[in-house]
Amino acid sequence: MRKFSIFSLLIVAMIVAMFFYGGNNFKAKDARAILDENGSSSYERKDATHVETAVSEAIKEHGKTYGKGEYVAEGHIILDTEQKGNKVKAYTIASIGVFEFQDGIFAIVSGSGAIPTVMTFLIDKHGQYKLVAYEEPLDGEAYVESMKKMFPKKYDSKVLNAEKYYDELAKQQERQAQEYLKKIGRHAKVSLSYVEKQPLNISVQAMNHFLRMLSSDPFLNECPDWLGTREVVEQGIRYVYETSQSKTNDGRDVVTLRKMKEDGTVIDMRQYVIEENKLKRIK
């Protein structure tokens, strides 16, 4: 009788277990093992949105305010995170790099150094992070004071010397730029510093007039202010803008500006002759 009772209890336990796991529909493929700081294993859903990704995307979105360019890369170091309910605050050191092709080199054209940055996210019911605040220190004399208000005191030494992290942040940007080139099937040098360019061989007065023209004309504004090329992606199509220089038969300087397709087909072209330190259109 005792043996029968034990056997019956085992059967009941198995049925309850089957009902529990069946009702919860938990499958091993829905989770993956991770290691916490102590090396012990825990589980999280494989499609969970991480604050690391949220921080990266927030910096890239902020980088779009830095001016024109083909690709925005970022670098970041997360010093700490705080979570209260569905609100997450990330204390970071962040950097932005905007790249474009100039003279065939994928060069950085604008960006930032290492900036102490605090980002606040709300986590929705689907586990997605939504940026609600992106805070950087104030400029000028208010820089240090505003930064100290943003960060816990224990990070003072790190945020007050944030530039020491720039090399690591720049490496992150370079890796992202290289991955982008691979994605578009392009082989090119990636440059994180200013690329030397060949200037126009015209007077200072004529050059100033040229720069004023560039800023006031949409077509000219895309053209290089040096002798060379830059590439622009417009509505998914890549164009090459080129600035070149030649001379007329009587020895006057001529500046030619072209917009071309990748195969060299000319879409638009303008020519200017230098007269009295100004550019006069001839074509």
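Model, not experiment: these values are computed from the prediction.
Contact check on Arg258 versus Asp268 returns no salt bridge, with no Lys/Arg side-chain nitrogen under 4.0 Å from an Asp/Glu carboxylate oxygen. Contact check on Lys64 versus Glu61 returns a salt bridge, with a Lys/Arg side-chain nitrogen under 4.0 Å from an Asp/Glu carboxylate oxygen. Note on Arg238 versus Glu70: salt bridge recorded, some NZ/NE/NH1/NH2 to OD/OE distance being below 4.0 Å. The pair Glu179-Lys182 meets the salt-bridge criterion, with a side-chain N (NZ, NE, NH1 or NH2) lying under 4.0 Å from an Asp/Glu carboxylate O. Taking a cutoff of 4.0 Å between a charged side-chain nitrogen and a carboxylate oxygen, Asp263 and Lys261 do not qualify as a salt bridge. Classification of Asp217 and Arg270 as a salt-bridged pair holds, one side-chain N sitting under 4.0 Å from a carboxylate O.
Cluster annotation: Val109 and Ile96 are assigned to the same hydrophobic cluster (Ile/Leu/Val/Met/Phe/Trp/Tyr, side-chain heavy-atom contacts under 4.5 Å, transitive). Put simply, Val266 and Tyr241 are part of two different groups of oily side chains (I, L, V, M, F, W, Y) that touch within less than 4.5 Å, one to the next. With hydrophobic clusters built from ILVMFWY side chains whose heavy atoms lie under 4.5 angstrom apart, Tyr91 shares a cluster with Val144. Leu257 and Ile267 fall within the same hydrophobic cluster, defined by Ile, Leu, Val, Met, Phe, Trp and Tyr side-chain heavy atoms under 4.5 Å apart, directly or through other members. Linking Ile, Leu, Val, Met, Phe, Trp and Tyr residues whenever their side-chain heavy atoms come within less than 4.5 Å places Ile77 and Tyr155 in a single cluster.
Atoms CG and CD, on Asp167 and Glu174 in that order, are 11.0 Å from each other to the nearest 0.5 Å. Met269 contributes atom CE, which lies 4.5 Å from atom CD of Gln271 (distance to the nearest 0.5 angstrom). Here the straight-line distance linking atom CD of Glu222 with atom CG of Leu214 works out to 10.5 Å at 0.5 Å rounding. The distance from the CG atom of Asp103 to the NZ atom of Lys189 is 11.5 Å, given to the nearest 0.5 Å. Between Gln176 atom CD and Ser56 atom OG the span is 5.5 Å, to the nearest 0.5 Å. Rounded to the nearest 0.5 Å, atoms NZ (Lys148) and NZ (Lys153) are 6.0 Å apart.
Heavy atoms of other residues, nucleotides or ligands lying less than 6.0 angstrom from NZ of Lys247 number more than 12. Other residues, nucleotides and ligands contribute only 12 or fewer heavy atoms inside 6.0 Å of the NZ atom of Lys84. Atom NZ of Lys68 has more than 12 neighbouring heavy atoms from other residues, nucleotides or ligands inside a 6.0 Å radius. For CG of Asp250, the number of neighbouring non-hydrogen atoms (other residues, nucleotides, ligands) closer than 6.0 Å is greater than 12. The environment of Lys60 atom NZ is dense: over 12 non-hydrogen atoms of other residues, nucleotides or ligands sit within 6.0 angstrom. By the neighbour-count criterion of 12 heavy atoms within 6.0 Å, atom CD of Gln178 is densely surrounded, having more than that number from other residues, nucleotides or ligands.
In this structure, Met207 and Val204 have side chains that are not in contact, with every pair of non-hydrogen atoms separated by 4.5 Å or more. Two residues are said to be in side-chain contact when any heavy atoms from C-beta on lie closer than 4.5 Å; Thr117 and His62 fail this criterion. Contact annotation: the side chain of His76 approaches that of Glu52 to within less than 4.5 Å [non-hydrogen atoms, C-beta and beyond]. Residues Pro137 and Met150 form a side-chain contact, since some pair of their non-hydrogen atoms from C-beta on lies under 4.5 Å apart. No side-chain heavy atom of Tyr129 sits less than 4.5 Å from a side-chain heavy atom of Glu57. Contact of the Phe210 side chain with the Leu220 side chain is not registered, since no non-hydrogen atoms from C-beta on lie closer than 4.5 Å. Put simply, the side chain of Lys280 does not reach to within 4.5 Å of the side chain of Arg252, judged on heavy atoms. The shortest side-chain heavy-atom distance between Ile93 and Tyr166 does not fall under the 4.5 Å cut-off.
With hydrogens and angles disregarded, no donor-acceptor distance shorter than 3.5 Å links the side chain of Thr243 to the backbone of Asp225. Counting only distance, with no hydrogens or angles, the side chain of Glu234 and the backbone of Gly236 share no donor-acceptor pair below 3.5 Å. No side-chain donor-acceptor contact under 3.5 Å links Thr229 to the backbone of Val240. Counting only distance, with no hydrogens or angles, the side chain of Gln245 and the backbone of Asn201 share a donor-acceptor pair below 3.5 Å. No side-chain donor-acceptor contact under 3.5 Å links Ser110 to the backbone of Gly67.
Here the options are Glu163, Glu168, Glu74, Gln173, the test is side-chain hydrogen bond (donor to acceptor under 3.5 Å, both in side chains), and the partner is Ser95; only Gln173 passes.
With sequence neighbours excluded, no residue forms a ring pair (Phe, Tyr, Trp, His ring centres under 6.0 Å) with Tyr272.
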Under the criterion side chain to side chain contact (heavy atoms under 4.5 Å, CB included), I'd like the reasoning laid out for Tyr66 against Val72: C-alpha separation, chi angles, the key distance, then a yes or no. CA-CA 9 Å; Tyr66 275 64; Val72 179; over 6 Å; no
Residue pair Val51, Gln83: steps toward the side chain to side chain contact (heavy atoms under 4.5 Å, CB included) verdict: CA-CA 11 Å; Val51 67; Gln83 182 167 354; over 6 Å; no
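Taking the six-membered ring where the residue is Trp, Tyr71 and Tyr180 present parallel rings, their angle staying beneath 30° rather than reaching 60°.
Residues Pro199 and Lys197 approach most closely at CD-O, 3.3 Å, considering heavy atoms. When all heavy atoms are compared, the tightest approach of Phe151 to Thr92 is CZ-O, 3.5 Å. In plain terms, the two heavy atoms of Leu279 and His209 that are nearest each other are N-ND1, 3.0 Å. Of all the heavy atoms in Met119 and Ala58, the pair that sits closest is SD-CB, 3.9 Å. Nearest heavy-atom pair across Ala73 and Phe99 is CB-CE1, 3.9 Å. When every heavy atom of Val255 is checked against every heavy atom of Leu200, the shortest pair comes out as CG2-CD2, 3.8 Å.
Both cation-pi conditions hold for Arg186 and Phe101: the charged atom is under 6.0 angstrom from the six-membered ring centre and inside a 45 degree cone around its axis.
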